[in-house]
Amino acid sequence: MQRVEALEAALPAMTPWRVTAGRSVDWAALEAALGTALPSDFRALAEAYPVLVVDDFLTVSAPPPGREAAWASGVREDEILQDLYEMGDTEDYVPFPQPGGLISWAESNSGDSFYWKTSPADPDAWPVVVRTDNAEWIEFPVGAVEFLAGVYGRTIDVPGMPRNFPGENPQVLGLSDRID
């Protein structure tokens, strides 16, 4: 399981968005609402960073403090994944909370979806599954942080992504947790 620092080294433009005091996500409330624990690398990323948008292409989700149950509900009720499943377009993947079901953690503006496959039982061993906008399903035997560090460090190639992904000098925007 890679640490957030490996991702920061591969994607240094994210570091200005680091919340040094931490974001104070109530993980117990989130995981109770979701019905499962989440991988420790993602928890570390979400404690250190808000939602991140990379090169106006990839949005990496992060539960906002104080709205953990709503975030969990949105993840559990992934209508697009449920529709794909009902149409038989998920290969052998199933939506969470089915055993081994998929939980979304990122998406692209082209329609690519990034999931964890909730099997095996240990969340730190969950692989990343990508559904490209070309309806290809690809599984990577790494966690979310290692996946992102590999993509932006150019050691992991994701077939079906745009030719310019990732960009030469990716820019990162951190989205605020505030509700006005």
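Note that the structure is a prediction, hence the values are computed from the model and not measured. When a residue number appears, it is its place in the shown sequence, counting from 1.
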Would you confirm whether D124, through its side chain, and P39, through its main-chain N or O, come within 3.5 Å as a donor-acceptor pair?
no
Tell me if the CD1 atom of I138 is crowded by more than 12 foreign heavy atoms within 6.0 Å.
yes
What heavy-atom pair brings A10 and G153 nearest, and what distance separates the two atoms?
CB-N, 3.7 Å
Is any side-chain heavy atom of I156 closer than 4.5 Å to one of V142?
yes
Using the side-chain contact (heavy atoms from CB on, under 4.5 Å) definition, which of the options Y115, F114, W126, W116 pairs with L102?
Y115
Taking all atoms of both residues into account, what is the closest heavy-atom pair of V151 and P166, and its distance?
O-CG, 3.3 Å
Does L148 reach the side chain of L11, with side-chain heavy atoms less than 4.5 Å apart?
no
V129-M161 co-clustered via ILVMFWY side chain contacts under 4.5 Å
no
Establish whether L173 and V19 are linked, either directly or via other cluster members, by ILVMFWY side-chain heavy-atom contacts under 4.5 Å.
no
Smallest separation among heavy atoms of A33 and R76, with atom names:
O-CD, 3.5 Å
In terms of heavy-atom contacts, P50 and A62 come closest through C-CB, 3.8 Å
Could you state whether V130 and L81 fall into the same hydrophobic cluster, counting links through intermediate Ile, Leu, Val, Met, Phe, Trp or Tyr residues with side-chain heavy atoms under 4.5 angstrom apart?
no
With the 4.5 Å side-chain cut-off for hydrophobic clustering, are L52 and V128 part of the same group?
yes
Side-chain heavy atoms nearer than 4.5 Å, only ILVMFWY residues, links allowed to pass through others: does that put L175 and W105 together?
yes
Just wondering, more than 12 heavy atoms not from E79 lying within 6.0 Å of its CD?
no
Main-chain N/O of Y49 paired with R23 side-chain donor or acceptor, under 3.5 Å:
yes
Are the side chains of P159 and T132 in contact, using a 4.5 Å heavy-atom criterion?
no
Side-chain donor or acceptor of E68 paired with backbone N/O of D26 under 3.5 Å:
yes
When every non-hydrogen atom of R3 is compared with those of V145, the smallest separation belongs to O-CG1, 3.5 Å
A side-chain contact here means heavy atoms from C-beta on lying under 4.5 Å apart; do R43 and E31 qualify?
yes
Is the backbone N or O of L45 less than 3.5 Å from a side-chain atom of E47, with the two atoms forming a donor-acceptor pair by type?
no
Can you confirm whether F96 sits close enough to S104 that some side-chain heavy atom of one is under 4.5 Å from a side-chain heavy atom of the other?
no
Shortest non-hydrogen contact from L34 toward I103:
CD2-CD1, 4.2 Å
Mark yes or no for whether T118, through its side chain, and G101, through its backbone, hold a donor-acceptor pair below 3.5 Å.
yes
Considering residues, nucleotides and ligands other than F57, do more than 12 of their heavy atoms fall under 6.0 Å from its CZ?
yes
Tell me whether the rings of F42 and W71 are parallel (<30°), tilted (30 to 60°) or perpendicular (>60°).
parallel
Answer whether the closest heavy-atom distance between the side chains of D89 and R131 falls below 4.5 Å.
yes
Checking D41 side chain against A144 main chain: does a donor-acceptor pair fall under 3.5 Å?
yes
For D56, I'd like to know if atom CG has over 12 heavy atoms of other residues, nucleotides or ligands within 6.0 Å.
no
Just by modelled atom types, is the D133 backbone N or O under 3.5 Å from a matching donor or acceptor in the D112 side chain?
yes
Do W137 and Y93 have ring centroids that are under 6.0 Å from one another?
yes
